[in-house]
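Everything on this sheet refers to the single structure shown next.
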Amino acid sequence: MLVRGAKALGVALDAEQVARLDGYLDAMLEINKSLNLTSIRDRGDAVVRHLLDSLSIVPLWRELAGAPPRRVLDVGTGGGFPGAVLAVAWPSSRVLMIDSTGKKARAVAQCLTTAGIVNATALQARGEQLPALRPDTRRSFDLGVARAVGPAEGLVREFAPLVSPGGRIFLMKGPSTSAEEIAAGESEAKKHGLVALGARPVDVPGLDRRMVLVYSRGGRRPA
């Protein structure tokens with residue numbers, strides 16, 4: 001199911017990547033028995049709603065930016081999505097996954113270790129705290145991503161100081177995102193020198209059409 005779905009999305013996974021994704025999902029679902037990381041209990045549903053949904057932004061990034069991002073920030077990672085999946089899909093990228101709940105961040109870190117995903121880190125933090133906690137994160141991420149976390153306006157504000165010149169923000173949304181939320185996100189983006197690139201439709205096998213709200217910071221990426 002994972003390989004077929006990834007292929008339908010235009011993402012090629014080798015055997016090692018499939019094994020790491022399977023390993024991560026199994027570890028997460030096991031911890032989920034005692035800690036509420038996701039409401040999805042069925043493994044097949046989790047493959048579609050977590051793994052494939054997370055992979056769906058890989059071709060969108062390829063279309064807009066080409067080469068994989070060097071640094072990725074996943075805000076409100078929850079059970080580790082999409083950050084863990086992106087780390088496997090882009091082994092050359094460094095992925096920071098943050099969540100405000102310490103138990104979730106520690107669980108994600110444990111799952112990363114179990115699955116052998118070495119290019120991702122989980123940290124308890126909020127996006128607005130990062131510049132103070134980790135000064136190296138200011139304007140350093142090529143991609144900031146959030147999946148079903150909160151309203152676009154607040155997320156744009158949270159990501160603004162963290163996205164690098166030439167970087168992008170992807171807000172992963174369901175099919176029913178309102179025009180009012182989209183407009184509010186665009187207005188907030190202007191306040192921070194970001195350009196709203198609109199809502200991009202994404203088709204995930206087994207799910208209703210999704211959309212990704214995309215924002216960009218002008219300038220060239222630092223060497």
query = Should side-chain heavy atoms under 4.5 Å link Ile, Leu, Val, Met, Phe, Trp and Tyr, which residues sit in the same cluster as L123?
reply = L73, V75, L96, I98, L130, F141, V149, L155, V156, F159, L162, V163, I169, L171, I182, L194, M211, L213, Y215
inquiry  = Under the rule for side-chain hydrogen bond (donor to acceptor under 3.5 Å, both in side chains), what residues qualify as partners of R138, not counting sequence neighbours?
reply    = none
message = Does anything in residues 118-136 form a salt bridge (Lys or Arg N to Asp or Glu O under 4.0 Å)? List the pairs, not counting sequence neighbours.
response = R71-D136, R134-D136
ask   = Can you list the residues that meet the side-chain hydrogen bond (donor to acceptor under 3.5 Å, both in side chains) rule with D45, with sequence neighbours excluded?
value = none
ask   = Who are the side-chain hydrogen bond (donor to acceptor under 3.5 Å, both in side chains) partners of S56, not counting sequence neighbours?
value = none
key: Sidechain-backbone polar pair: N119 side chain, W90 backbone, donor-acceptor under 3.5 Å   = yes
message = Tell me which pairs pass ring-ring contact (aromatic ring centres under 6.0 Å, His included) where either residue lies in residues 18-42, with sequence neighbours left out.
response = Y24-F81
query = What side-chain hydrogen bond (donor to acceptor under 3.5 Å, both in side chains) pairs are there with at least one residue in residues 32-41, not counting sequence neighbours?
reply = E30-K33, T38-H50
message = For residues 103-118, which residue pairs pass the side-chain hydrogen bond (donor to acceptor under 3.5 Å, both in side chains) check, not counting sequence neighbours?
response = none
query = Taking only residues at least two apart or on different chains, which pairs with a member in residues 3-18 satisfy side-chain hydrogen bond (donor to acceptor under 3.5 Å, both in side chains)?
reply = E16-R20
task = Tell me, please, which residues at least two apart from D22 pass side-chain hydrogen bond (donor to acceptor under 3.5 Å, both in side chains).
result = R43
query = Can you check whether P68 reaches S92 side chain to side chain, under 4.5 Å on heavy atoms?
reply = yes
key: Residues clustering with I40 (ILVMFWY side chains joined when closer than 4.5 Å, directly or via others)   = none
task = State, yes or no, whether a side-chain contact exists between T121 and V95 at a heavy-atom distance under 4.5 Å.
result = no
Any pair counted as salt bridge (Lys or Arg N to Asp or Glu O under 4.0 Å), so long as it reaches residues 158-170, sequence neighbours left out = none
message = Quick one: does any side-chain atom of Q124 pair with a main-chain N or O of T101 as donor and acceptor, under 3.5 Å?
response = no
message = Tell me the closest heavy-atom pair linking A115 and G23, and the distance in Å.
response = CB-C, 3.9 Å
